[in-house]
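If you're wondering where the values come from, they're calculated on a predicted model, not measured in any experiment. So that the names make sense, note that chain A is the first sequence line, chain B the second, and so on, each numbered from 1.
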There are 2 protein chains.
Amino acid sequence: MIDRGVSIAFEPLVGRLQTLLEQAGASPFTAEVIARNCAGCERDGASSHGVFRLHGYLDSLRSGTVDGAAEPVLERVGPSFLRVDAANGFAQPALRHAQPVVDGMLAETGIAVVAIKDSHHFSALWPDLEPFAVAGFVGLTMVVGGTRVVRPRGAAEPVFGTNPIAFATPVRGASPIVFDLATSSMSHGDLQLARNASREVPPGTGTDRDGRDTTDPGEILAARGLLPFGGHKGAALSFMVEVLAAGLTGGAFSYEAELEQGAARTRRTGQLLVLIDPDRGGGGFAARIEQLVAFLRESGMTRLPADHRYRNRAQAERDGIPMTDAIAEIFADASLSSDA
Amino acid sequence: MIDRGVSIAFEPLVGRLQTLLEQAGASPFTAEVIARNCAGCERDGASSHGVFRLHGYLDSLRSGTVDGAAEPVLERVGPSFLRVDAANGFAQPALRHAQPVVDGMLAETGIAVVAIKDSHHFSALWPDLEPFAVAGFVGLTMVVGGTRVVRPRGAAEPVFGTNPIAFATPVRGASPIVFDLATSSMSHGDLQLARNASREVPPGTGTDRDGRDTTDPGEILAARGLLPFGGHKGAALSFMVEVLAAGLTGGAFSYEAELEQGAARTRRTGQLLVLIDPDRGGGGFAARIEQLVAFLRESGMTRLPADHRYRNRAQAERDGIPMTDAIAEIFADASLSSDA
């Protein structure tokens with residue numbers, strides 16, 4: 001039974017999300033993958049990628065922007081190299097579809113490079129990597145962040161997306177360490193939240209239409225003037241994401257995403273994954289990473305990446321996922337079955 | 001003829017460096033690789049990795065800290081996966097030694113993951129990648145930066161090295177774009193230069209022994225209190241470098257480098273390279289990167305990574321490498337043939 005007043009368990013939330021996604025046109029396979037991703041983000045406290053995103057998924061499916069029944073096309077172009085054409089579907093089901101081939105490449109060769117194109121990626125990157133790290137692999141992935149909202153210093157206009165990079169490593173005797181960071185100073189979602197709350201953002205977050213520094217999130221949004229994180233180094237990393245996630249895969253660059261008026265901002269998104277079996281490296285990986293992590297925690301780094309997600313997850317498994325208005329809404333019959 | 005008053009040509013500089021390295025115990029192969037790397041950095045204006053480093057190379061060879069005649073051991077552990085045991089030699093000749101195997105893996109499979117261990121890396125990372133990009137491959141590499149000098153916020157002691165990451169991509173019709181960035185706020189060398197010049201560093205560069213922010217480079221050096229660049233995101237990337245360049249390769253973590261008193265700070269250095277043939281990706285890489293770079297330059301990003309090196313290189317090819325005291329010194333007979 002669902003106690004709508006306090007919390008909801010994970011599987012009933014997945015089930016409801018799946019039903020709504022199927023009603024909007026997703027295949028059962030796609031609907032389940034997206035529902036688990038979305039519910040998992042909600043459960044782990046990553047609410048900006050949780051149920052909050054459902055309307056975006058449903059609108060994209062209903063409008064036909066995203067093909068919810070896409071059949072990804074796999075092409076193995078080397079012993080460790082897989083091309084995935086997501087055929088205008090979501091990236092996550094395309095990756096899941098490719099999973100048996102990827103698992104086979106990793107078992108056979110110790111390496112899998114996966115180049116996904118023509119996809120849509122509305123979620124965080126860490127859920128893509130965490131299962132590989134649980135299975136013992138290190139992983140690095142990056143995706144071009146939709147459209148251009150980042151204007152590095154010196155540029156006369158916005159040129160990059162928020163272009164996130166994620167990395168995951170197994171840790172013996174513990175959950176994997178997984179980080180997922182926008183190469184912009186702040187995520188676009190957090191910037192919107194700051195504007196909606198009339199909250200200033202820290203200096204260095206972005207610039208206004210004239211390229212002057214501002215702490216007003218509304219001005220930064222209007223100018224699409226987010227700065228890269230960490231100055232020119234963040235800009236260099238954002239450039240790398242354009243090259244690897246779009247150039248190498250055949251996806252669209254951030255600056256191309258808006259060239260066609262009215263088209264989905266995430267159209268033709270590319271994603272690159274590099275997965276490596278660390279046991280084929282120089283030796284003793286599992287024990288060594290365990291030592292490194294123990295050293296870091298003893299040194300006072302008590303909050304390592306993903307710790308907060310595991311803490312939220314453990315609490316949700318014990319007490320359920322906290323009920324929010326957004327979750328309550330999707331259980332209110334018929335509220336979402338009409339066109340939004 | 002060498003005009004010692006004004007400039008020197010590239011090959012005579014290489015030749016002199018090679019002679020000195022051989023006199024200090026390097027094999028002709030190692031001496032040539034290091035001499036070309038060192039002279040190349042000098043030529044390209046990367047003087048902190050140029051002739052300035054020669055004494056470090058010579059001392060390491062003479063003291064036996066580095067084996068100048070090391071015979072690297074290659075072990076291919078997958079179609080695209082090569083382990084390189086540098087056998088206590090420099091990393092650059094080990095990589096050059098592995099080059100035919102790496103070229104073969106790239107030609108056959110489109111991917112090469114190279115895990116180097118038990119090496120010493122005294123130079124920049126970009127020279128390792130540039131030749132691969134010239135040959136048409138994208139590359140990513142990272143190395144653990146010696147000993148721990150970076151103390152992220154929250155840590156009670158220094159935990160990471162400066163842990164650089166480099167990336168290179170070919171650009172059709174132009175020189176490759178190559179960046180090479182420390183994941184610390186500043187390189188250790190630049191911090192030393194600032195101290196020697198009694199020059200304050202920007203806020204956010206580092207902290208003193210008590211973890212308080214300071215702009216005094218001497219205090220930061222004494223505390224080994226460099227901050228990661230870009231806050232927690234830089235710290236996450238620095239952690240990734242420890243995992244991939246040390247954990248995966250079998251190299252030493254930054255915090256282990258000083259455990260043995262008197263040992264070389266760069267002992268057992270690991271380096272990871274990931275090289276990919278972008279033409280096996282989703283299609284049209286060369287033309288697309290050319291378009292991306294044209295867009296960025298038109299947008300006002302007139303200084304892209306490596307531009308300054310190519311400009312210096314072109315000038316040096318025309319006018320010679322500017323003569324410095326350090327260069328003049330190595331041509332003063334016998335000045336370097338005794339123990340330093």
Side-chain angles (χ1 to χ4, degrees), chain A residues 77-81 83 85 108-111 113 115 117 138 140 152 154-157 159 167 169 177 179 181 229-231 233-234 236-237 239-240 242-244 246-251 253 255 270 274 276 278 280-285 288-289 291-292 295-296 299-305, chain B residues 77-81 83 85 108-111 113 115 117 138 140 152 154-157 159 167 169 177 179 181 229-231 233-234 236-237 239-240 242-244 246-251 253 255 270 274 276 278 280-285 288-289 291-292 295-296 299-305:
Chain A
V77 294
S80 308
F81 204 147
R83 285 188 199 169
D85 181 343
E108 288 164 32
T109 73
I111 296 167
V113 169
K117 72 170 178 180
V138 295
L140 182 64
E157 55 179 317
V159 295
F167 171 74
T169 180
I177 292 182
F179 70 73
L181 54 89
F229 92 95
K233 294 184 181 185
L237 291 167
F239 169 76
M240 176 181 78
E242 298 279 341
V243 172
L244 292 179
L248 190 141
T249 64
F253 295 123
Y255 83 90
V274 178
I276 305 178
R280 295 215 195 190
F285 183 82
R288 307 246 316 121
I289 299 302
Q291 288 161 13
L292 173 66
F295 166 75
L296 293 176
S299 301
M301 296 182 73
T302 49
R303 288 186 51 189
L304 292 176
Chain B
V77 294
S80 307
F81 203 148
R83 287 187 197 168
D85 181 343
E108 289 164 31
T109 72
I111 295 168
V113 170
K117 72 170 178 180
V138 296
L140 182 65
E157 55 181 315
V159 296
F167 171 75
T169 181
I177 292 183
F179 69 73
L181 56 88
F229 92 95
K233 294 183 181 184
L237 292 167
F239 168 77
M240 177 181 78
E242 299 279 341
V243 171
L244 292 179
L248 190 142
T249 65
F253 296 123
Y255 82 90
V274 177
I276 304 177
R280 295 214 195 191
F285 183 83
R288 306 243 321 117
I289 298 301
Q291 289 161 12
L292 173 66
F295 167 74
L296 293 177
S299 301
M301 297 181 73
T302 49
R303 288 185 53 187
L304 292 176

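- With respect to chain A, the highest number of heavy-atom pairs below 4.5 Å among B:F179, B:F239, B:F253 belongs to B:F253.
- Proximity to chain B is limited to the side chain of A:L140, based on heavy atoms less than 4.5 angstrom apart.
- When each of B:I276, B:V138, B:V77, B:T302 is scored by its heavy-atom pairs under 4.5 Å with chain A, the top score falls to B:V77.
- Considering only heavy-atom pairs separated by less than 4.5 Å from chain A, the leading option among B:G250, B:G300, B:S299 is B:S299.
- Looking at B:R280, its side chain never comes within 3.5 Å of a backbone N or O of A:R83 through a donor-acceptor pair.
- Of the two parts of A:L248, the backbone and the side chain both hold a non-hydrogen atom closer than 4.5 Å to a non-hydrogen atom of chain B.
- In terms of non-hydrogen atom pairs under 4.5 Å with chain B, the most contact-rich of A:G282, A:G110, A:G284, A:A246 is A:G282.
- Per-residue counts of heavy-atom pairs under 4.5 Å with chain A were compared for B:E108, B:E157, B:K117; the largest is that of B:E157.
- The greatest number of non-hydrogen atom pairs below 4.5 Å with chain A, out of B:G231, B:P152, B:A236, is found for B:A236.
- Both the backbone and the side chain of B:L292 come within contact range of chain A, with heavy atoms under 4.5 Å apart.
- For the atom pair CD1 of B:I177 and CE of A:M240, the computed distance is 13.5 Å after rounding to the nearest 0.5 Å.
- Contact of B:F295 with chain A is made through the side chain alone, with heavy-atom distances under 4.5 Å.
- For B:K233, the parts lying near chain A are the backbone and the side chain together; criterion is any non-hydrogen pair under 4.5 Å.
- With respect to chain A, the highest number of heavy-atom pairs below 4.5 Å among B:T169, B:T109, B:V243 belongs to B:V243.
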